[in-house]
2 protein chains.
Amino acid sequence: MTDGRSRRREDTRQRLFVAAVELIAEQGFSATTVDDIAARAGVAKGTVYYNFESKTVLFEELLRHGIGLLTAEFRAAVDGLPPREALAALVRAELEYIRRYRAFAQLLLSEMWRTNREWQQTLRLLRGEAIEVIAETVRAGVDSGDLPADLDVRTASSALFGVGLVVAVDWLVFQPERPIADVQEALLGIVRRVAQT
Amino acid sequence: MTDGRSRRREDTRQRLFVAAVELIAEQGFSATTVDDIAARAGVAKGTVYYNFESKTVLFEELLRHGIGLLTAEFRAAVDGLPPREALAALVRAELEYIRRYRAFAQLLLSEMWRTNREWQQTLRLLRGEAIEVIAETVRAGVDSGDLPADLDVRTASSALFGVGLVVAVDWLVFQPERPIADVQEALLGIVRRVAQT
DNA sequence: ACAACTAAACTGACTGGTCAGTACAAAAAC
DNA sequence: GTTTTTGTACTGACCAGTCAGTTTAGTTGT
């Protein structure tokens, strides 16, 4: 069961993910070479190809892994909460996630709105899954009258997702000395005002 | 003065800018080749190097050109207006700009928060110039009491800039069938609520 | 206990292709 | 007659992906 081989392999994959996410966040997918990733992970280039079909597949699995985690945290955050509290919980969860997986968030922000890339379809799908959690919450709030009736669910959801991302990453990149708690405060304040019926 | 030669050259440079901005918006800087840019501009590769020192310099001048235009429109928009109206005018100007230079906005969103790229310093500087115009307006509003006193000028300004960018580009990429006027409406509503004293 | 065996995991030199940048003679535009 | 553009060919660096060989972890036989 606890096979040392598969544990070792999972470890290598994890190290490759970490190396790849950092480098791609800094430089972008195309500017990051497989040799770079291997070197930063402390493995040989061949190991990358033993563990992943190709550079693109490595990136796609990385996206799946990262966004999957985010979606899970979204689901856990809203669980059982009434709409307006759930909305605040979502903002908190998103920022907490960005704080923890800073490089991944930066990568997401940079690659999210690209077109004409082979992995674009994958990213679009995953983005949809994460936003769907937000959309469910917003929809419930609008239906129950807890949120303004004229709120467009699809728009509000994707805006909320994007805004959290951009504000947090901007803060991390351009004003890193500030505590993330301040961003959370500011964003919560904005969301609360906008959510007023 | 109106030298036909320099006008012609300016024309070529312009065509190269347009080709480059479209390709880089779609694929990113590294994935875009000089041959691609030349081909899309309908120009020989040598012409690119006759007009620009290198691929990187072409991109830097492109950034300067594009953000310079945006900054100018910001300045024109706020000219003489009282703070709260100036703020609304800024949002309108930003969205109008994004509508007109869609590809450039997309490019900006993708490259803005990168680190470790040779042109990053240039971009950071230019971003500062554009945001400074917003910051002046916000500062004036806070000083005169037209905007909430507890508003952090630097944060609010960069947030406003980034949010406009992300919401507009998100709309353009994921819901292109919708009229941009809707985004403007939504954003203005949000900004108005947040700006309430 | 431990040596022999096996398959999984990993290595790194190598290949084939791509791309930024160069060179330059001839042509076109002004 | 000067500036700008073209077209083509070339170079050298770089890089994704391959593969034959090596190491490691677990298994089997004694």
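Chain identifiers are assigned alphabetically (A, B, ...) following the order of the sequence lines, protein sequences preceding nucleic acid strands; residue numbering begins at 1 within each chain.
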Per the salt bridge (charged side-chain N to carboxylate O under 4.0 Å, His left out) rule, which among B/R15, B/R8, B/R7 passes with B/D11? B/R15
Record whether the side chain of A/K55 comes under 3.5 Å of the base of D/dG17 through a donor-acceptor pair of N or O atoms. no
Spell out yes or no: do the side chain of B/K45 and the base of D/dG7 have one donor N/O and one acceptor N/O closer than 3.5 Å? no
[X] [atom1] - [N] [atom2] separation (whole Å):
X: A/E118; N: D/dA16; atom1: CD; atom2: C1'; result: 12 Å
X: A/Y49; N: D/dC15; atom1: OH; atom2: P; result: 12 Å
X: A/L23; N: D/dC15; atom1: CG; atom2: P; result: 12 Å
X: B/F59; N: C/dG21; atom1: CZ; atom2: P; result: 14 Å
X: A/Q27; N: D/dC15; atom1: CD; atom2: C1'; result: 14 Å
X: B/D36; N: C/dC19; atom1: CG; atom2: P; result: 7 Å
X: B/R9; N: D/dT6; atom1: CZ; atom2: P; result: 13 Å
X: A/D11; N: D/dA25; atom1: CG; atom2: P; result: 12 Å

Are any of the side-chain nitrogens in [X] or [Y] under 4.0 Å away from the carboxylate oxygens of its partner?
X: A/R92; Y: A/E96; result: no
X: B/D3; Y: B/R9; result: no
X: B/R40; Y: B/D35; result: no
X: A/D143; Y: A/R139; result: no
X: B/E73; Y: B/R100; result: yes
X: B/D36; Y: B/K45; result: no

Base, sugar-phosphate, or nothing: which does [X] touch, judged by heavy atoms less than 4.0 Å apart?
X: B/T56; result: nothing
X: B/V43; result: sugar-phosphate
X: A/T32; result: sugar-phosphate

Let me know, please, whether A/V34 or A/G46 comes out on the 5' side of the other along DNA chain D by nearest nucleotide. A/V34
Does B/R15 or A/A31 map to a spot on DNA chain D nearer the 5' end, using the closest nucleotide for each? B/R15
Quick check on the 6.0 Å ring-centre criterion: do B/F17 and B/F104 meet it? no
OP1 or OP2 of [N] versus the side-chain N and O atoms of [X]: is any pair under 4.0 Å?
X: A/T47; N: C/dT11; value: yes
X: A/Y50; N: C/dA9; value: yes
X: B/N51; N: D/dT4; value: no
X: B/T12; N: D/dT5; value: yes

By salt bridge (Lys or Arg N to Asp or Glu O under 4.0 Å), A/R154 pairs with (sequence neighbours left out) B/E177
Establish, yes or no, whether the cationic atom of B/R117 lies under 6.0 Å from the six-membered ring centre of B/F59 and within 45° of the ring axis. no
Distance to the ring centre below 6.0 angstrom and angle to the axis at most 45 degrees; does that hold for A/R114 and A/F29? no
So that I can compare with my own list, what are the stems of DNA chain D, taken as at least three consecutive Watson-Crick or G-U pairs with distances under 3.5 Å? C:1-30 with D:1-30
What N/O pairs connect the protein and nucleotides 26-30 of chain C at under 3.5 Å? Give each pair on its own line.
unit_1	atom_1	unit_2	atom_2	d
C/dC30	O2	B/R5	NH1	3.1

Side-chain contact check for A/D35: nearest option of C/dA8, C/dA20, D/dC15 is D/dC15
Ranking A/A44 and B/F29 by the position along DNA chain C of their nearest nucleotide, the one closer to 5' is A/A44
